[in-house]
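Below, read A as the first sequence line, B as the second, and so on, with proteins coming before strands; counting in each chain starts at 1. Bear in mind that the values here come from a model prediction, so they are computed numbers and not experimental data.
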Amino acid sequence: MDQPPEARHLKLNGHVGFDSLPDQLVNRSVSQGFCFNILCLGETGIGKSTLMDTLFNTHFDSTPSKHDLPGVKLKSNTYELKESNVRLKLTNVDTVGFGDQINKEDTFKPIVDYINSQFEAYLQEELKIKRSLHSYHDTRIHACLYFIAPTGHSLKALDLVTMKKLDSKVNIIPIIAKADTITKSELQKFKAKLMSELMSNGVQIYQFPTDDETVAELNSSMNAHLPFAVVGSTDEVKVGNKMVKARQYPWGTVQVENENHCDFVKLREMLIRTNMQDMVEQTHSRHYELFRRCRLEQMGFTDSESRSLKETYELKRSEHVATLQKKEEEMRQMFVVRVKEKESELKESEKELHAKFDSLKKQHADEKKKLEEKKKAMDDEYNLFQKRKAATIASQQAAQQAAQAATLSGKGKKK
Amino acid sequence: MLSKREAFFKNEPPTAKFDPTTRDKLDHKMDKEKENGHPETSGKAPKELDGYVGFANLPNQVYRKSVKRGFEFTLMVVGQSGLGKSTLINTLFLTDLYSADYPGPSYRIKKTVQVETTQVLLKEGGVQLRLTVVDTPGFGDAVDNSNCWQPVTDYIDSKYEEYLNAESRVNRKTMPDNRVHCCLYFITPSGHGLKPLDVEFMKRLHDKVNIIPMIAKADTMTPDECREFKKTILNEIAQHKIKIYEFPECDDEEENKLQKKLKDRVPFAVVGSNTLVSVGGKTVRARQYPWGIVEVENLEHNDFLALRNMLVRTHLHDLKDVTNNVHYENYRYNKLASVATKGKEKAVGSKELNLETAEDEDSGEKYYSVFFSLHKYGI
């Protein structure tokens, strides 16, 4: 097989029809359905659930949580949304208990673990021998909305630490929550401060892509407005002659979709209407690839020009099998040794028992002999005693008789 | 210009789905939606939305990105020399892929069957397509054609291997997709049925690549002969259990009916032509005979339009998908499974090297049973 020569540019003499390729691709994506996973990260009560409801014009089931949770927990809910003929499987991952603990050192860990486990699940599926990637439900987090508290001063230490840990794993979009507590001038200063802090700490937040001419202008102008200051509300208030989503205060009404009041419209435009697909692709091509690279290197795979995957795999596998076999042999050996030990121990004790038994028996025999001797001696004595007794009685009787005879004879003499 | 493209450039919400046969329909549908305003929906899906959110724009985002990326496609043409393969490719893509400077396969026959590629960049309506045409000069032309399909299978497998290696690297960059997406197989119009070579080739390649069988030089048969021939071919294909590429069903009812009419013409009996002839005032591609003119783009004369519509205008991307999801996965499965079964007796899948999952359960069990039998050892 020879190498193909340089690709030639050819002119078409008519309408072939492959300009429908993008349409074919779009049709396939629409029929497959889309998938998007958002992670909402922020303190308890900062308005995460409300913002989600406002963004997607619906009510996601969520119960407001209290501040007394011992650690950060992640709750994920998947919803099927549909708009015109487009189906979207939206997964909303909520963090509960973020920033509530006294010691917040380990706050970021459950979050990082969750993101890693989603990557891991995808990697496992990709590495399977029999895999079905095209029908796999992608659970990797595509966007992380980081809610910054509207203090007006700067980022909190927890925010910096968490964002630093997450910026290489997920597209971070920082937003200023509850923006109706900040005035316009304060907001400008706050935004500038936040961006400079993020830059000086080397936190890479998600930048809207500017390489596609159709959206480059829009995206670059939006990039200048980061972080977006948003207000969320699902309550409707009558303003003028329309019902709009707003928050009503005694001093006025904050309209969510009014660009003068907050950046909600910008956020929705950027997040959903313009760059959703780009975020999915960035997650796959940048964050996931980084994860995969680290993970494979951790497992011991390297890219060496001399060996293909198959050979590397075979090598690894034979190594693995060899170590397993060795382990098995070792275990077997140890097992045998221990069995032998135990056996000899048992034999020893058996011998001991026998010996003891023998000695006991002997002892027993000895004692029995002694006893018999003693018994015999006693019997002899007894017999002797009996004889003596008989003799004594006999002599006593004889003596009595003699005495009687003597008295009788004495009496006879006296007469 | 297609109105869909206009909509895309204006960055508006999407409209009706693409209709390959009639472009005008699209215009009317677009206008209707414009009148109704933004589509407000409460979908049939579980969640109801109280207003326009905007993710209905997602298809447009996908469209935009795909146009920017450009497309690539690899087409393989196989058949004996002189069947009109080069002419058909030129006709299909309305360009001089094969010309005097770049001769077709029939002019390049060597002693053994070769597999050669040509790459061209085509651009139409803002969409860039990198087309690679793979041809096999010498196929079926020798006296002894045993194993003449071997270079073809080797080529296809090597492209899969390349892709598998690129996909399995630790440092992955964008992988160019050089896998063969479609194979057009040219059948000699004998009128009697498939030749043994045809059957053999298709049997060996039907699970590696999408095969679309075509009857070449269809202007040698009358419509009745053509119908009979097609029936015979389809019977023989079914008889030998050959899996040719099946054009998928469409979601839209109307489109489905239209496509069914074209689908029923498989295998496509085609005529190609490089020359323009003036017929009834129009200049069309045709072959001029003393007894008449065979028009290439006339559905009553041959199936070229059906082939072009189904292949290029409707299912080009589906061919790529099937190659990626079915044929490539099969190849990968066979490749990796064959490695996994070496030394299977002592194999145990660990948590880290989770490259073998399906086979693990069995071998894992085997391992444990062996271990427990060790209890009897030495007692």
Side-chain angles (χ1 to χ4, degrees), chain A residues 1 4 7-10 12-14 16-31 34 56-58 79-84 86-88 124 127-130 134 212 214 272-273 276-277 289 293 296-297 299 301-303 308-310 313-314 320-321 324-325 332 336 339, chain B residues 17-18 39 41 43 45-47 49-51 53-59 61-68 71 93-95 115 117 119-122 124-125 127 129-130 165 168-172 251 312-313 316-317 325 333 336-337 339 343 346-348 352-358 374 378:
Chain A
M1 265 174 292
R8 301 174 268 151
H9 288 259
L10 289 179
L12 301 171
N13 297 325
V16 178
F18 63 80
D19 54 354
S20 67
L21 265 171
D23 294 303
Q24 295 177 30
L25 179 61
V26 165
N27 279 346
R28 185 200 62 159
S29 324
V30 169
S31 60
F34 295 92
F56 288 96
N57 277 332
T58 179
Y79 306 95
E80 284 262 356
L81 306 173
K82 191 162 171 177
E83 191 169 66
S84 60
V86 177
R87 283 178 297 125
L88 177 69
Q124 291 296 331
L127 288 179
K128 272 196 194 157
I129 292 187
K130 196 164 189 182
H134 55 276
D212 189 355
T214 42
I272 300 177
R273 296 187 189 175
M276 208 178 219
Q277 186 60 25
E289 285 298 314
R293 209 180 313 150
L296 287 182
E297 279 171 8
M299 282 203 243
F301 286 94
T302 45
D303 271 341
S308 67
L309 166 82
K310 183 173 170 202
Y313 173 50
E314 278 180 35
H320 183 72
V321 166
L324 280 173
Q325 275 182 275
R332 212 179 282 178
V336 166
V339 162
Chain B
K17 272 199 273 197
F18 176 77
T41 50
K47 267 284 169 205
L49 299 175
D50 303 325
V53 177
F55 61 80
N57 221 11
L58 268 170
Q61 297 177 29
V62 172
Y63 190 98
R64 191 179 5 115
K65 283 201 167 285
S66 66
V67 168
K68 186 163 180 295
F71 295 88
F93 291 101
L94 290 173
T95 182
V115 178
T117 60
Q119 258 195 31
V120 291
L121 282 167
L122 304 171
E124 186 179 55
V127 177
L129 175 68
R130 189 160 62 92
N165 284 341
S168 314
R169 287 178 66 85
V170 176
N171 285 312
R172 298 199 291 205
D251 292 331
V312 177
R313 294 191 181 176
L316 202 60
H317 210 271
N325 297 338
Y333 176 79
L336 294 182
V339 174
K346 304 254 181 84
V348 171
E352 293 151 299
L353 248 186
N354 205 2
L355 291 165
E356 54 224 61
T357 45
L374 284 177

Note to self: Please give me the minimum heavy-atom distance between F56(A) and V53(B), naming the atom from each residue.
What the structure shows: O-CG2, 3.4 Å
Next item on the list: Mind checking the NZ-CG spacing from K128(A) to L336(B)? Nearest 0.5 Å is all I need.
Entry: 14.0 Å
Item checked: Interchain contact, F71(B) with chain A, by part (heavy-atom threshold 4.5 Å) -> side chain
Item checked: Minimum side-chain heavy-atom gap R8(A)-Q119(B) below 4.5 Å -> no
Notebook entry, point to check: Is chain B contacted by the side chain of F34(A), its backbone, both, or neither, given a heavy-atom distance below 4.5 Å?
Noted result: side chain
Notebook entry, point to check: Does H9(A) reach the side chain of V120(B), with side-chain heavy atoms less than 4.5 Å apart?
Noted result: no
Note to self: Given heavy-atom pairs under 4.5 angstrom as the criterion, report whether the side chain, backbone, both or neither of R28(A) touches chain B.
What the structure shows: side chain
Note to self: Using every non-hydrogen atom in the two residues, find where P59(B) and V86(A) come nearest and quote the distance to one decimal.
What the structure shows: CG-CG2, 3.6 Å
Check: Would you say the side-chain atoms of S66(B) pair up with the backbone N or O of P22(A), donor to acceptor, closer than 3.5 Å?
Finding: no
Margin query: Restricting to non-hydrogen atoms, name the atom on E83(A) and the atom on F55(B) that form the minimum distance, rounded to 0.1 Å.
Written below: OE1-N, 3.2 Å
Checklist line | OH-CG distance between Y63(B) and L21(A), expressed to the nearest 0.5 angstrom | finding: 10.0 Å
Note to self: Main chain of H317(B), side chain of Q24(A): is a donor-acceptor contact present, judged purely on distance under 3.5 Å?
What the structure shows: yes
Margin query: If you compare all heavy atoms of V62(B) against all heavy atoms of S29(A), which two are closest, and at what distance to 0.1 Å?
Written below: CG1-OG, 3.9 Å
Checklist line | Spacing of CG belonging to L121(B) relative to CG belonging to L10(A), to within rounding of 0.5 Å | finding: 8.5 Å
Next item on the list: Any chance you could measure L316(B), atom CG, to F18(A), atom CZ, to the nearest 0.5 Å?
Entry: 9.0 Å
Item checked: Heavy-atom closest pair, residues V16(A) and E124(B) -> N-OE2, 2.7 Å
Notebook entry, point to check: CZ of R172(B) to CG of L296(A): how many Å apart, nearest 0.5 Å?
Noted result: 8.0 Å
Check: Do you know which two heavy atoms are closest between M276(A) and Q61(B), and how far apart they sit?
Finding: N-OE1, 3.0 Å
Note to self: To the closest 0.5 Å, what do you measure between CG (D212(A)) and CZ (R64(B))?
What the structure shows: 5.0 Å
Check: Hey, are the side chains of N57(B) and I272(A) touching, using non-hydrogen atoms and a 4.5 Å cut-off?
Finding: no
